[in-house]
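Below: one structure, written as structure tokens.
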Amino acid sequence: MESVRTRFAPSPTGYLHVGGARTALFNYLLARRLGGKFALRIEDTDQTRNIEAADAKLLEDLRWLGLQWDEGPQAGGPFGPYYQSQRRDLYEEHVRRLLDAGQAYYALETREELEAMRKAAIAAGEKGFRYRRPTHFPSDAEVRRARDAGRPVVVRFKMPERDFVVHDQILGDVTIGAQELSDFVIVKNDGWPTYNYAVVVDDALMQVTHVLRGQEHLMNTPGQLALYEAFGYAPPAFAHLPIIFNMNGTKMSKREKDKVVRDAVKVAQLDDERVAELAGVDDAALVAAWRRGDTQLPGPALEKLARALAVHLPEIDIHDFRKSGYLPEVLVNFIALLGWSPGGGERERFTLAELCREFSVERIGKTNARFDREKLLAFSTAALEAASAERKLEGLRDWLSVNERGPLSGLDDALLARLIELCRGFRTFADVEYKCGALFVPDEALRYDPKAVKDVLLKGDGAGAKVLQELKPLLAGLADWTAPHLDEVLRRYAEERGLGLGKVAQPLRVAVAGTTISPQIGETLVLVGRERTLARIERALGALPAAT
RNA sequence: GCCCCCAUCGUCUAGAGGCCUAGGACAUCGGCUUUUCAAGCCGGCGACAGGGGUUCGAAUCCCCUUGGGGGCGCCA
């Protein structure tokens, strides 16, 4: 029996997004489960869409998730090259076969002509437009003349005029009628193969046995099956995965980020110039096109613009989640459950290794799923709680490495590990900074949250401020600046004054952290240190409106 | 518009004719705990889209309706 081979074949248009990650994961899991090979192939045949170094980002994201491929870029393998752009001779050779056998032909229509035909068909009340096979195919001489004249030349495949049945592993048998099929383009005017054609040549040559891909590819399958037949290759088993949506029901796509920012721009009523300035781009045409919704802005520009407008970009790419502070194993676990379920019991926490053992195509569902970030957050919280100290430190350092310098940058491992401990119950690594960041900011850069100042220091005739005044000498005189001792001293002070500990700890917290959020008060003061604690109390008191 | 796919709590799902008074998880609500933010613990609310069949019996099978999604590119 021949061994199982799966593949993930993304086009390098940017970071790996959630949908792609799940497709990659499922293919990886299937290969692992069945003891086969998982290959990675880069589909970079669209010269207009390729983005510089996007494949490197893709590889990094895949690796970060732990989905190591057995064959592909950087890994090599017996069926390379693994970039479609380097396989052109293979495609040409196969087209030759089709052309010689009369199973494909040249077509010379321009895009405008096709568009006109499309319009005419609709005007004539036909149901949808389908390319009609010409009665006469251009001769070699005509093709040459067309090329010389700069007219487009493509190659179309002669689609057999019959129904096709896709034996889908998830959906069952799906019949697509002959009237839905037409002679599709297999070689573009620029000489590169189209997806529907290259994917067949590559999967066949790479001996792929199982293709797990998004359901948006279902209707492509008949054409591909026909190509397998034409070449005399055995088709792989197909399984079309349900699609992943956002919670609001919109498709989870990279465009989502542009949309969010575009809407913010609209609300802010910014003109093109201002947008270009904020985004740091000097291409006026690009900005205009982007505002119309015709194109996407480069990642960095979009992020810059989003920051300037103070809008949160939705997490779409795996890299976004990494930057938000999730552990890769959390994403893997969560994504695995989008469309697949173990069945039987009630378990839903799995490591990658466990998934490799449990996964099966039979247990993939048919219904589309929504990506619930709340549940992801809950998974993250639980995973962080269960993770070892080493794993958490590693995760925090990774998070720091993909984010801009912040208050936690540059802290040593011992201190970072300490912070993690103090943040028990945190949901993502970003929470560690949220909770402890202020303690490591230079004193002069510390910001006081107006609401916290008002509620904790000023309220009740400045009761909080009064506590701070009294605490100042008390703290200044302490010889033992350790968390247990500080807690004890504050507890005693609160008792003497007949106050709840909150009435004492909160004012201190606001003075020292600028907000009502920080680790346990004793620990907080230790992290800030005696000198800076006293200085910050002084500064907080000084910044208050005249005491009443 | 045409073709195809799908349909269980708000969300992810378990369920493969009687084990279902429909189970779990997240969210939500209430309580406990409490020096903040979280976390944690206990409890509550909450679904078989609708209508026809088939059957002794249907969330499970069939049909229709409705709703959602995908496709109809020289994108992948």
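Naming convention: chains lettered A, B, ... in sequence-line order (proteins, then strands); numbering from 1 in each chain.
Dashed line: the shortest gap from a side-chain N or O of A:Arg427 to OP1 or OP2 of B:A39 is under 4.0 Å. Residue A:Arg363 has a polar side-chain atom (N or O) positioned under 4.0 Å from OP1 or OP2 of B:A14. Side-chain nitrogen and oxygen atoms of A:Thr45 include at least one within less than 4.0 Å of the OP1 or OP2 phosphate oxygen of B:A76. One finds a side-chain N or O of A:Arg118 lying less than 4.0 angstrom from the OP1 or OP2 phosphate oxygen of B:G73.
If you find the closest nucleotide of RNA chain B to A:Lys251 and to A:Tyr195, the one lying nearer the 5' end belongs to A:Lys251. Mapped onto RNA chain B by nearest heavy atom, A:Phe379 and A:Arg156 fall at different nucleotides, with A:Phe379 at the one closer to the 5' end.
Within the 4.5 Å cutoff, no side-chain heavy atoms of A:Leu16 are placed close to those of A:Lys57.
Closest to the A:Glu180 side chain, of the nucleotides B:G71, B:A38, B:G69, is B:G71. Residue A:Thr367 has its side chain nearest to B:U8 when only B:A39, B:U8, B:C3 are considered. Side-chain proximity of A:Glu216 to B:C3, B:U13, B:G70: nearest is B:G70. Distances were taken from every side-chain heavy atom of A:Ala369 (C-beta onward) to each of B:U11, B:U13, B:C74; the shortest belongs to B:U13. Here the side chain of A:Glu348 is nearest to one of B:G24, B:C4, B:C74, namely B:G24. Considering only side-chain atoms of A:Met219, the nucleotide from B:C74, B:C4, B:A25 that sits closest is B:C4. Among the nucleotides B:G70, B:C5, B:C74, the one closest to any side-chain atom of A:Val174 is B:C5. Counting only heavy atoms from C-beta on, A:Asn189 has its side chain closest to B:C74 among B:C75, B:C74, B:A14.
B:A16 and B:A59: their P atoms are spaced 13 Å apart (whole Å). Between the C1' atoms of B:G15 and B:C48, the separation comes to 10 Å (whole Å). A distance of about 13 Å separates the P atoms of B:U8 and B:C61, rounded to the whole Å. Straight-line distance between the P atoms of B:A49 and B:C12: roughly 14 Å, to the nearest whole Å. For B:U60 and B:U21, the P atoms lie 15 Å apart once the distance is rounded to whole Å. The P atoms of B:G57 and B:C64 are separated by 23 Å, rounded to the nearest whole Å. For B:A27 and B:A47, the C1' atoms lie 15 Å apart once the distance is rounded to whole Å. When the P atom is compared between B:U66 and B:G73, the two are found 27 Å apart, to the nearest whole Å.
Within the shown strands, nothing qualifies as a pairing partner of B:U60 under the Watson-Crick or G-U definition with both distances less than 3.5 Å. Figure legend. B:G43 is base-paired to B:C29; pairs are counted as Watson-Crick or G-U wobble with both atom distances under 3.5 Å. The pairing partner recorded for B:U66 is B:A7, the criterion being a Watson-Crick or G-U wobble arrangement whose two distances lie under 3.5 angstrom.
Between A:Glu374 atom CD and B:A38 atom C1' there is a gap of 14 Å when expressed in whole angstrom units. A:Leu171 has its CG atom 14 Å from the C1' atom of B:C3, to the nearest Å.
Across all strands shown, A:Arg373 has no heavy atoms under 4.0 Å from either base or sugar-phosphate atoms.
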Inset, instruction - Test A:Phe26 against A:His210 for ring pair (Phe, Tyr, Trp, His ring centres under 6.0 Å), laying out the working first. - result: CA-CA 11 Å; A:Phe26 282 16; A:His210 299 254; over 10 Å; no
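If you look at A:Phe334 and A:Phe371, their ring centroids are closer than 6.0 Å.
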Mind listing the N/O atom pairs, protein and nucleotides 30-37 of chain B, below 3.5 Å?
unit_1	atom_1	unit_2	atom_2	d
B:U35	O4'	A:Gly502	N	3.4
B:U35	O2'	A:Arg509	NH2	3.4
B:U35	O2	A:Arg509	NH2	2.6
B:U35	O4	A:Gln520	OE1	3.0
B:U36	O4'	A:Gln506	OE1	3.1
B:U36	O4'	A:Gln506	NE2	3.1
B:U36	O2'	A:Thr516	O	2.6
B:U36	O2	A:Thr516	O	2.9
B:U36	O2	A:Ser518	N	3.1
B:U36	O2	A:Ser518	O	3.1
B:U36	N3	A:Arg509	NH1	3.4
B:U36	N3	A:Ser518	O	2.7
B:C37	O2	A:Lys435	NZ	3.2
B:C37	N3	A:Lys435	NZ	3.1

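The base of B:A25 sits with one of its N or O atoms less than 3.5 Å from a complementary donor or acceptor on the side chain of A:Lys375.
Relative to the ring axis of A:Phe164, A:Arg162 places its NZ or CZ within 45° and under 6.0 Å from the centre.
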